[in-house]
Amino acid sequence: MATVEIRNVRKSYGPVEAIKGIDIAIQDGEFLVLLGPSGCGKSTLLRMVAGLEGITGGQIAIGGRVVNDLDPKDRDIAMVFQNYALYPHMTVFDNMAYGLKIRGIPKAEIRARVDKAANILELGRFLDRRPSQLSGGQRQRVAMGRAIVREPAAFLFDEPLSNLDAKLRTQMRVEIKRLQDRLGITSLYVTHDQVEAMTLADRILVMNHGVAEQIGTPLEVYQRPASLFVAGFIGSPPMNVLDGRIDDHGEVVLVPGGQRLPLPQPRPTDAGRPIKLGIRPEHLAVAAEGFSIEVELVEALGADTVVYGRLPDSETLLVRMAGIPTVRERDRLTVTPQDGALHLFDAVTGRRVE
Amino acid sequence: MKPTRFIDLVPHIVLIVGVLIFAYPIYVTLIGSTWDSGTIGRGGLPLWPGGQGMVNYAQAWAGEAGERALYTPVRTMMLNSLVMALSIAVGKIAISILSAYAVAFFRFPLRMAFFWLIFITLMLPVEVRIIPTYKVVADLGLINTYAGLAIPLIASATATLLFRQFFLTIPDELLEAAKIDGAGPVRFFIDVVLPLSRTNIAALFVILFIYGWNQYLWPLLVTSSGDMETIVTGITKMIGTGESANDWHIIMATTVLAMLPPVAVVVLMQRWFVKGLVDSEK
Ligand SMILES: Nc1ncnc2c1ncn2[C@@H]1O[C@H](COP(=O)(O)OP(=O)(O)OP(=O)(O)O)[C@@H](O)[C@H]1O
Ligand SMILES: [Mg+2]
């Protein structure tokens, strides 16, 4: 068990900079999720922590010890790969025991540790099987078992659930959560699935093009996205973003189409500033006045309904309502944001304006 | 369903005819090895077994003088061929798998240059480089030795390409998982790469054993004494220039014996093959 510190870490592949300076201190026992779109550098960062990828700049410390120049085996970490990476010719038992054998741990203790892990993961019946005789979910559990028996300072997961079907993924997600609560081992978990991120993380690091857009608890990231990118990435359906302008008194936001939305508190210094206005679909509700939209499409999801509306200036506005649909296509609807539901972002940089 | 029946029938007929054509000479050899030289010599070999089998085989095996000439006993030639074929098969596999491991898993300067160098040996089979090779072997004093028989044939990594292609299908994550588990290159090779290559090794062993067993030109050049004779060259030496001088019954018995080891290897290894195919582990 240990802290993991990433200090201004960079990675270049030739002239291409994949990681452009990331800083984060992960506490002992914390579950950090690296979240971001494909190609943003999540795996690269994780693999640098693992020692599978060289570090171009900065420092990584595990348990207070700088590991930049250490081999993976000396870093006291265990990794779970997306495609499991089990040894195909070894039994489940041998797969889990292999790392311990190499480290010269006595047979009896290996047996005990593997049995314990197999117990936790309900793999007891499969110990004599080969990976090819297991289902995807069982293989993934073996991969986790291999990590657990090592009793490492930190777990590294690289999209461990993305090869599983939706139902199994949910189930395994819960299992990982339970495991983490039980073992309390510092974990770094890479995913591009926001549901995994929201449910598993103590903190999320949202990455984009090799930089950390935001680091925060799942609720912070959802409630106060630090940039348009984070706002668009977290939340489903994604946040509505409209072009707007703060009026000359700094009291309301003017939206094309003539809407005037009062700001929570006046901002005289920002008077006249062009702005991007973000409103989550779930924070719009039918009201007497507000945005008037024409319903284009209704998606009934069962528990709630997503309405695709068109504003007079032909921009799309998504509204998420609880329950089954009460409107139909071509209906006219007036919706207004709830109190405190406005997110303001700089029109140029996309950073959040507080 | 008549047309399907018919379509099923045609390949079977073709196969059966093919088998008959291939099997006939072998059958004749088998039958020939059971008759006395007089019967064969008269040119009217019957198509059923004769009664001389035991005598012929015993004579060929022990190498007692035939009616017209003295031969190296089959047991000596078989041993020589066996040593040569096994050394070639094992040696080539060892060299190829190691060089393929280096080329596929390690980054080092001139990696591709080395790969191509190895690859070029494919273009230089023994027959092409036979004179310089003979000179080298003679200078090293390896004429009439097992080393002289086998080493020049081992010294080409023809199977490297095959192993490399196979190694490239081993996912990187497996190597990375092993690194994290603490396995160095040697351990990874022994614990993971070798076991995964089992079926490839078995297939190559069959091919290379037969390749080694059937070598003709090189053993002919590099051996001169009777007790280093290999069985393939031995058989051809038994056949004299004039037809009448040949002990056909012994030649046929020798030929049958010469077929046995390759057949045994194929049959034995085939079981490995199938096993490897059935519990496909990837
Ligand atoms: N060996 C390499 N050589 C050059 N560029 C690389 C290499 N590995 C990764 N990259 C680049 O680095 C960037 C980050 O890659 P990375 O694999 O970390 O993305 P990721 O966030 O894990 O994406 P995904 O969700 O698809 O796995 C990508 O733009 C990729 O093209
Ligand atoms: Mg990745």
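Everything quoted here is computed from the prediction, not taken from an experiment. Below, chains carry the letters A, B, ... as their sequence lines are ordered, and counting in each starts from 1.
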| Contact check, side chains of P88(A) and L174(B), non-hydrogen atoms, under 4.5 Å | yes
| field | Part of Y87(A) lying under 4.5 Å from any heavy atom of chain B | value | both
| task | For side chain to side chain contact (heavy atoms under 4.5 Å, CB included), just list the numbers for K179(B) and L52(A), CA-CA rounded to whole Å, side-chain angles, deciding distance to a tenth of an Å, and then say yes or no. | result | CA-CA 8 Å; K179(B) 270 188 197 164; L52(A) 298 171; 4.1 Å; yes
| Heavy-atom contact with chain A under 4.5 Å, split by part of D191(B) | both
| message | Counting only heavy atoms not in F114(B) (residues, nucleotides, ligands), do more than 12 fall under 6.0 Å from its CZ? | response | no
| Could you walk me through whether R187(B) and I102(A) pass the side chain to side chain contact (heavy atoms under 4.5 Å, CB included) check? | CA-CA 9 Å; R187(B) 272 208 95 118; I102(A) 290 181; 3.7 Å; yes
| Does atom NZ of K116(A) have more than 12 heavy-atom neighbours from other groups under 6.0 Å away? | no
| remark: Max heavy-atom pairs within cutoff under 4.5 Å with chain B, candidates K101(A), R103(A), M79(A), goes to R103(A)
| query | Is it true that atom CD of E122(A) has more than 12 heavy atoms of other residues, nucleotides or ligands lying nearer than 6.0 Å? | reply | no
| Any donor-acceptor N/O pair, R150(A) side chain to I180(B) backbone, under 3.5 Å | yes
| request: Sort A143(A) into side chain, backbone, both or neither according to what part of it lies under 4.5 angstrom from a heavy atom of chain B. | output: neither
| task | Determine whether more than 12 heavy atoms belonging to other residues, nucleotides or ligands lie under 6.0 Å from atom CZ of F22(B). | result | no
| query | How close do A177(B) and A85(A) get, heavy atom to heavy atom, and via which atoms? | reply | CB-O, 3.9 Å
| Segment of L100(A) engaging chain B (4.5 angstrom heavy-atom cut-off) | neither
| said: Could you check whether any side-chain N or O of H89(A) sits under 3.5 Å from a backbone N or O of L194(B), counting only pairs where one atom can act as donor and the other as acceptor? | reply: no
| Could you go step by step and tell me if D158(A) and E173(B) meet the side chain to side chain contact (heavy atoms under 4.5 Å, CB included) rule? | CA-CA 11 Å; D158(A) 193 352; E173(B) 281 87 350; over 6 Å; no
| said: Less than 4.5 Å to any heavy atom of chain B: does that hold for the side chain of R47(A), its backbone, both, or neither? | reply: side chain
